[in-house]
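Everything on this sheet refers to the single structure shown next.
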Amino acid sequence: MAGLVVTNPPRAERAVVDALAGYGVATVHEAQGREGLLGSHINPVQTGARIAGNAVTVTVTPGDNTTIGVAVEQCGDGDVLVVAPTAPCDMGYFGDLLATSLKARGVRGLVIEAGVRDVADLQEIGFPVWSKAVSAEGTGKGSLGDVNVPISIAGRIVHPGDVVVADDDGVVVVPRRQAARVLAASKAREEKEAKARSRYQAGEIALDVNDMRPLLEKAGIRYISFEDWTQEARK
Ligand SMILES: O=C([O-])CC(=O)C(=O)O
Ligand SMILES: [Mg+2]
């Protein structure tokens with residue numbers, strides 16, 4: 001039965017969360033073994049925002065945003081609200097008023113597999129949102145989902161307190177207990193990429209920087225001059 005609100009779930013350590021934001025979605029996704037990425041139908045409403053925070057998870061019923069209002073009370077500084085409808089619905093569940101309320105509580109952003117509205121105002125307020133749709137269509141009140149239970153969203157399971165990292169590339173989720181390990185792996189990956197970047201700047205190419213030539217050979221690559229190729233074709 002819906003209507004369950006779990007209060008004060010454990011959250012990941014703040015310093016780890018903040019450091020993950022610095023690395024961004026692509027690096028964090030790679031660093032945790034190409035895991036945790038939400039489906040590409042979840043897109044930023046704005047450009048240039050990069051956040052990380054602890055998930056406060058919410059399920060909403062189709063066409064009803066009551067549970068978002070309930071979840072606001074469970075949100076605090078450093079959180080990200082993560083909302084999934086119990087059946088697909090692209091209506092405008094969220095807008096500038098809810099954003100203003102969440103921002104006042106120190107919430108860093110919203111991820112929702114549904115619609116949002118008031119997008120110009122959201123950008124002006126500076127409250128970043130990743131959503132499936134933009135829709136002005138209003139939702140009703142009276143039916144309950146759950147708050148802070150594991151939810152299924154855009155192909156992933158998100159637990160309350162997991163770390164959500166979001167930027168212009170999309171959204172990635174890091175399980176709370178993995179956060180420190182994924183942070184260390186992100187740092188290592190970033191260092192490796194910094195080395196590669198300076199080699200590219202010096203004119204080297206990926207085949208050598210990534211030591212790909214043995215792999216190409218194994219895959220059967222064949223180089224042939226244009227003349228030999230045209231002659232071969234005439235045979
Ligand atoms: O009030 C709603 O239902 C959603 C909205 O537009 C807002 O939060 O501003
Ligand atoms: Mg509104």
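Excluded from the calculations below are hydrogen atoms, water molecules and symmetry mates; all remaining heavy atoms, backbone and side chain alike, are included. As the structure lists them, so they are numbered: ligands from 1, and atoms in each ligand from 1.
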Which residue and heavy atom of the protein sit nearest atom 1 (O) of ligand 1, plus the separation:
R117 NH2, 3.9 Å
If you apply the rule side-chain contact (heavy atoms from CB on, under 4.5 Å), what do you find for Q74 with N148, and how did you get there?
CA-CA 9 Å; Q74 303 306 318; N148 278 333; 4.2 Å; yes
State whether R50 and D168 are salt-bridged, where the test is any N-O pair (Lys NZ or Arg NE/NH1/NH2 against Asp/Glu carboxylate O) under 4.0 Å.
no
Look only at interatomic distance and state if F94 has a nitrogen or oxygen under 3.5 Å from any nitrogen or oxygen of ligand 1.
no
Kindly give the atom name of the N, O or S atom of D118 closest to the Mg ion (ligand 2).
OD2
We want to know whether Q231 and R234 form a side-chain donor-acceptor pair, criterion being a heavy-atom distance below 3.5 angstrom.
no
Return yes or no for this condition: an N or O of D96 is under 3.5 Å from an N or O of ligand 1.
yes
Of the options D79, D162, N54, which is the one that meets R11 in a side chain to side chain donor-acceptor pair (under 3.5 Å)?
D79
So the atoms of ligand 1 within less than 4.0 Å of a heavy atom of D118 turn out to be 5 (C), 6 (O), 7 (C), 9 (O)
So which heavy atom on I68 is nearest to which on L98, and how close?
CG2-CD1, 3.9 Å
Between V83 and F127, is there a shared hydrophobic cluster once you connect ILVMFWY residues whose side-chain heavy atoms come closer than 4.5 Å?
yes
Under 4.0 Å from a heavy atom of L97: give me the atoms of ligand 1 that qualify, with their elements.
7 (C), 8 (O), 9 (O)
Could you tell me whether L98 and ligand 1 have an N or O pair separated by under 3.5 Å?
yes
Students should be able to answer this: which protein heavy-atom is nearest to atom 3 (O) of ligand 1, and at what distance?
N65 ND2, 3.0 Å
